[in-house]
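Taking it in order: structure first as structure tokens, then the write-up.
Protein chains get the first letters and strands the later ones, always in sequence-line order, with residue 1 at the start of each.
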There are 2 protein chains.
Amino acid sequence: MMKITPMTQSLVLHFGEMGSRWGLNRTLGQMYAVIVLTEAPLNADQISEALQISRSNVSMGLKELKSWNLIKLQHIPGDRKEYFSAPSDIWEIARTLVVERRKRELDPTLSTLRDALMEQPSNESDEYAQVRVQQMHDLMEMVTLWTTEMQGMSSEKLSALLKLGEGISKILDVKDKLLLR
Amino acid sequence: MMKITPMTQSLVLHFGEMGSRWGLNRTLGQMYAVIVLTEAPLNADQISEALQISRSNVSMGLKELKSWNLIKLQHIPGDRKEYFSAPSDIWEIARTLVVERRKRELDPTLSTLRDALMEQPSNESDEYAQVRVQQMHDLMEMVTLWTTEMQGMSSEKLSALLKLGEGISKILDVKDKLLLR
DNA sequence: CTGAATTTTCAGTAATTTGTGAAAATTGTA
DNA sequence: TACAATTTTCACAAATTACTGAAAATTCAG
């Protein structure tokens with residue numbers, strides 16, 4: 001029997017609503033919320049019961065969460081079921097989210113933009129379109145580089161970077177001096 | 001008569017498909033593509049014709065794009081229609097996109113997380129949930145700070161920051177030295 | 001190997017989201 | 001101010017996406 005406290009309940013509902021804005025969907029959002037907020041690994045039946053959704057829906061949801069690399073499978077001795085948990089390090093989750101979203105939101109577009117740049121512009125409006133495509137391409141490529149960088153960063157480093165906050169401006173101002181030493 | 005070249009056409013279709021992954025939807029993606037890729041400002045009828053969608057759908061789409069601050073309204077002398085264009089600076093578009101997505105994807109959650117933190121944990125599992133909530137909260141708050149920072153940055157500065165790429169690691173390593181001078 | 005436990009798939013249905021045309025509201029000019 | 005041009009709204013229809021139960025496939029203990 002999988003009981004859920006009122007606090008978790010309201011968080012689960014909220015994550016469900018946000019799920020769709022996050023490129024997932026309601027159920028996926030709810031599922032991940034309950035997994036993240038529960039210390040012990042959960043099996044499909046527990047999730048199904050906690051969220052009052054069908055077992056088959058949970059199965060599909062888990063498949064999706066696996067494809068996002070957001071959950072870890074583990075086995076519990078003496079139990080044949082599969083148990084799932086989220087990484088305990090929140091930074092690892094964030095890193096994964098950024099990288100996976102980039103794969104889904106940027107990579108395909110980057111490839112289409114490159115294709116468009118290879119084409120011969122047929123008139124003035126194509127020429128203008130290509131200028132814009134080039135700008136978008138360059139920007140997206142930079143973002144991609146950053147996410148790759150992020151992927152390889154330790155949680156400590158990532159945290160330090162994010163903590164910089166407004167400090168980043170200051171650092172940018174003096175970066176040249178700094179790197180020349 | 002609003003003609004669309006094959007190159008623009010294929011880009012429009014791609015942006016349509018990506019639209020949903022980008023928190024918009026197909027039509028919104030297509031609409032923004034045609035606006036961004038066309039040098040001259042467009043009116044609703046032109047968009048409707050170019051994309052073969054109803055005039056009323058365009059009206060709703062424009063409303064949505066306005067709410068995202070992604071388009072600029074302008075008038076053409078002697079013409080009563082409203083014309084729309086995208087910012088010519090691609091960095092401005094990127095900045096807007098980041099800020100607006102934060103508003104929609106992070107802000108509401110941040111508020112829910114804060115609510116959860118105010119509550120008194122009723123048992124051990126709530127205590128664990130609150131730990132996780134705290135971690136998420138702190139992380140999201142840092143991201144929020146960054147986007148605020150971004151919002152105030154000039155395109156030049158933003159571009160320079162993004163160009164850093166892998167340089168960011170190096171800079172982080174020596175940041176303390178740098179700031180102490 | 002066998003078969004019970006468990007997970008996955010999938011066709012059909014339910015729910016949600018998106019798009020349309022007609023009508024209402026607004027705008028701006030004569 | 002009147003009215004034609006233009007934009008917006010909204011009830012309904014169309015399209016898409018998500019969910020379910022039943023059946024198929026897989027897994028693993030004995």
Side-chain angles (χ1 to χ4, degrees), chain A residues 1-2 12-13 15-35 41-68 71-85 104-105, chain B residues 2 12-35 41-68 71-85 104-105:
Chain A
M1 173 213 41
M2 177 69 191
V12 161
L13 289 180
F15 274 71
E17 279 171 27
M18 297 305 287
S20 23
R21 301 200 188 176
W22 270 91
L24 313 170
N25 64 40
R26 183 156 40 86
T27 307
L28 231 52
Q30 292 188 353
M31 283 181 57
Y32 204 53
V34 81
I35 291 172
L42 298 176
N43 65 44
D45 287 320
Q46 292 175 306
I47 297 170
S48 164
E49 194 194 348
L51 303 180
Q52 305 276 43
I53 59 180
S54 73
R55 182 47 240 268
S56 57
N57 199 2
V58 172
S59 178
M60 295 190 297
L62 288 171
K63 185 180 175 185
E64 189 88 2
L65 289 176
K66 280 177 213 159
S67 85
W68 278 79
I71 49 174
K72 297 191 292 190
L73 165 66
Q74 52 205 127
H75 282 285
I76 288 189
D79 192 335
R80 219 166 125 181
K81 292 199 172 77
E82 297 187 318
Y83 285 78
F84 297 91
S85 60
R104 290 162 170 80
E105 299 180 0
Chain B
M2 177 70 191
V12 161
L13 289 180
H14 177 82
F15 274 71
E17 279 171 28
M18 297 305 287
S20 22
R21 302 199 188 180
W22 270 90
L24 313 172
N25 65 40
R26 184 156 40 85
T27 308
L28 232 52
Q30 293 188 353
M31 283 181 60
Y32 203 54
V34 80
I35 292 172
L42 298 176
N43 66 44
D45 287 319
Q46 291 174 307
I47 297 170
S48 165
E49 194 193 348
L51 303 179
Q52 305 277 43
I53 59 180
S54 73
R55 182 49 241 267
S56 58
N57 200 1
V58 172
S59 178
M60 294 192 296
L62 288 171
K63 185 182 175 184
E64 189 88 2
L65 288 176
K66 280 176 214 160
S67 85
W68 278 80
I71 49 176
K72 297 191 292 190
L73 165 65
Q74 53 205 126
H75 282 286
I76 289 188
D79 192 334
R80 224 166 120 177
K81 291 200 174 75
E82 297 187 318
Y83 284 78
F84 298 90
S85 60
R104 290 163 171 80
E105 299 180 1

Looking only at non-hydrogen atoms, find the nearest pair between A:Gly16 and A:Gln30 and report the distance. CA-CG, 3.5 Å
Please report the distance, rounded to the nearest Å, between CD in B:Gln46 and P in D:dT7. 11 Å
Atom NZ of B:Lys81 and atom P of D:dA4: how far apart are they, to the nearest Å? 17 Å
Which whole-number value in Å describes the distance from B:Asn43 CG to D:dT6 C1'? 10 Å
Tell me: CG of B:Leu73 to P of D:dT6, nearest whole Å? 15 Å
I'd like to know if the side chain of A:Arg104 and the backbone of B:Arg21 have a donor-acceptor N/O pair within less than 3.5 Å. no
Spacing of A:Asp79 atom CG relative to D:dC28 atom C1', expressed in whole Å: 13 Å
In this structure, CH2 of A:Trp68 is separated from CG of A:Leu24 (nearest 0.5 Å) by 5.0 Å
Report the distance from atom CG of A:Leu62 to atom C1' of C:dT9, rounded to the nearest whole Å. 15 Å
Using atom CG of A:Leu51 as one end and atom C1' of D:dA18 as the other, report the distance to the nearest whole Å. 15 Å
Any donor-acceptor pair under 3.5 Å from A:Glu49 side chain to A:Gln46 backbone: no
When every nucleotide of nucleotides 17-29 of chain C is labelled 5' to 3' by its protein contacts under 4.0 Å (heavy atoms), B for base, S for sugar-phosphate only, - for none, what sequence of letters results? -SSBBB----BB-
Phosphate-side-chain proximity, B:Lys66 and D:dT7, N/O vs OP1/OP2 below 4.0 Å: no
Rounded distance in Å - CG (B:Asp45) to C1' (D:dA5): 11 Å
Value rounded to 0.5 Å, distance of CD in B:Glu82 from NE2 in B:His75: 5.0 Å
Going from CD1 on B:Ile35 to CZ on B:Phe15, what distance comes out if it is rounded to the nearest 0.5 angstrom? 12.5 Å
Phosphate contact (D:dT7 OP1 or OP2) by B:Lys63 side-chain N/O below 4.0 Å: no
